[in-house]
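The structure under discussion appears below in the form of structure tokens.
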Amino acid sequence: MSEPGALRMRLEGLVREVAKFGAVGAVGVLVDLGVFNLVRHFSELPVVRASIVATVVAIVFNYLGFRYFTYRDRDKSSRTKELVLFLLFSLVGLVIQNGLLYAATYGFGWDTPLQSNFFKFFGIGVATLFRFWSYRTWVFRALPAKEAVQTAESFLEKTPRQAVRRQPDHV
């Protein structure tokens with residue numbers, strides 16, 4: 001396979017991964033916002049605490065979606081390590097997400113339901129960028145064998161073309 005062909009395959013794989021991550025994430029956002037608004041409406045919890053409860057529920061939902069849908073083909077040899085890393089990076093995302101909501105609510109006094117939902121959603125967006133990078137880089141790692149096979153295939157695809165170019169013109 002040529003370099004542009006290999007690049008195109010990698011790009012298509014990344015697009016599929018982003019689409020699956022986005023599908024799980026979109027439903028996770030609905031879970032997060034739904035739980036957030038239910039907790040705010042039916043309890044006396046302050047805004048940021050209600051958001052943390054909702055974020056934790058969404059983290060559990062997202063782990064299941066990422067493990068069994070988005071990254072189902074990834075290395076499954078160390079589930080304990082995977083889960084610990086997932087929770088660690090999710091915790092960092094939780095701090096990013098709810099830190100923005102905290103700043104808006106207590107720093108600027110923006111605490112109407114509309115403002116809270118806007119900053120909750122904005123925080124989810126910012127934290128999602130971090131989560132996508134960390135989950136694909138550290139948590140749901142690609143299987144080494146798959147990478148090795150792709151590299152070998154790429155090498156083997158190059159070899160015949162180079163050999164053809166070296167043949168004399170009179171053949």
Side-chain angles (χ1 to χ4, degrees), residues 1-37 51-101 103 117-167:
M1 178 174 295
S2 66
E3 287 291 322
L7 179 62
R8 191 179 86 231
M9 281 182 48
R10 289 184 66 184
L11 186 58
E12 287 172 358
L14 181 61
V15 168
R16 279 191 303 275
E17 180 182 346
V18 169
K20 287 180 174 184
F21 186 91
V24 171
V27 177
V29 167
L30 294 176
V31 167
D32 200 337
L33 290 172
V35 171
F36 173 65
N37 284 294
S51 180
I52 290 170
V53 168
T55 303
V56 169
V57 171
I59 286 170
V60 170
F61 172 84
N62 286 345
Y63 176 77
L64 296 172
F66 293 143
R67 167 42 50 217
Y68 297 106
F69 177 67
T70 305
Y71 298 113
R72 70 176 174 258
D73 62 332
R74 300 290 175 100
D75 186 10
K76 298 176 185 95
S77 63
S78 180
R79 288 286 173 96
T80 302
K81 180 181 176 186
E82 173 186 283
L83 187 57
V84 168
L85 287 172
F86 182 84
L87 291 174
L88 175 71
F89 289 119
S90 293
L91 179 63
V92 173
L94 180 143
V95 170
I96 292 168
Q97 176 180 331
N98 291 293
L100 290 170
L101 180 61
N117 276 287
F118 174 80
F119 284 102
K120 171 99 174 129
F121 186 76
F122 179 71
I124 290 170
V126 173
T128 295
L129 296 174
F130 169 77
R131 288 177 177 132
F132 179 73
W133 169 80
S134 63
Y135 293 166
R136 79 180 309 265
T137 304
W138 300 102
V139 180
F140 302 106
R141 299 187 62 151
L143 291 168
K146 185 176 181 181
E147 293 172 8
V149 168
Q150 289 174 343
T151 303
E153 286 175 347
S154 174
F155 175 76
L156 291 174
E157 296 270 340
K158 288 180 188 177
T159 304
R161 288 192 182 131
Q162 291 170 346
V164 170
R165 284 189 217 135
R166 292 183 194 155
Q167 293 178 353

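Numbers for residues simply follow the sequence, beginning at 1. It should be emphasised that the depicted structure is a prediction, and the values quoted were computed from it without experimental measurement.
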Are any non-hydrogen side-chain atoms of Asp32 and Phe61 less than 4.5 angstrom apart?
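No - every pair of side-chain heavy atoms lies 4.5 Å or more apart.
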Can you find a pair of side-chain heavy atoms, one from Thr55 and one from Lys120, that are under 4.5 Å apart?
yes
Shortest non-hydrogen contact between [X] and [Y], atoms and distance:
X     : Y      : value
Gly28 : Ala58  : O-CB, 3.7 Å
Ala54 : Val35  : CA-CG1, 3.6 Å
Ala23 : Phe69  : CB-CE2, 4.5 Å
Val24 : Asn62  : O-OD1, 3.6 Å
Gly93 : Ala127 : O-CB, 3.4 Å

For Tyr135, all residues meeting ring-ring contact (aromatic ring centres under 6.0 Å, His included), sequence neighbours excluded:
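Scan of Tyr135 (ring-ring contact (aromatic ring centres under 6.0 Å, His included), adjacent residues dropped) gives Phe66, Phe86.
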Not counting sequence neighbours, list each pair that qualifies as a salt bridge (charged side-chain N to carboxylate O under 4.0 Å, His left out) and has a residue in residues 56-68.
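Of all non-adjacent pairs touching residues 56-68, those that pass salt bridge (charged side-chain N to carboxylate O under 4.0 Å, His left out) are Arg67-Glu82.
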Give the ring-plane orientation class for Phe118 versus Phe122, where under 30° counts as parallel, over 60° as perpendicular and anything between as tilted.
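Correct class here is parallel.
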Sidechain-backbone polar pair: Thr137 side chain, Ser134 backbone, donor-acceptor under 3.5 Å
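No; judged by distance alone, with no hydrogens or angles, the pair does not exist.
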Within a radius of less than 6.0 Å around CH2 of Trp138, do more than 12 heavy atoms belonging to other residues, nucleotides or ligands occur?
no
Would one find more than 12 heavy atoms of other residues, nucleotides or ligands at under 6.0 Å from atom CZ of Phe121?
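At most 12 heavy atoms, drawn from other residues, nucleotides or ligands, come within 6.0 Å of this atom.
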Out of Phe140, Tyr63, Phe132, which one pairs with Tyr71 under the ring pair (Phe, Tyr, Trp, His ring centres under 6.0 Å) rule?
Phe140
Residue pair Ile124, Thr128: steps toward the side-chain contact (heavy atoms from CB on, under 4.5 Å) verdict
CA-CA 6 Å; Ile124 290 170; Thr128 295; 3.8 Å; yes
Rounded distance [0.5 Å steps], CZ in Phe89 versus CG in Leu94:
15.0 Å
Option among Arg16, Arg136, Lys20 that satisfies the side-chain contact (heavy atoms from CB on, under 4.5 Å) test with Thr70:
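Answer to the side-chain contact (heavy atoms from CB on, under 4.5 Å) test with Thr70 among Arg16, Arg136, Lys20: Lys20.
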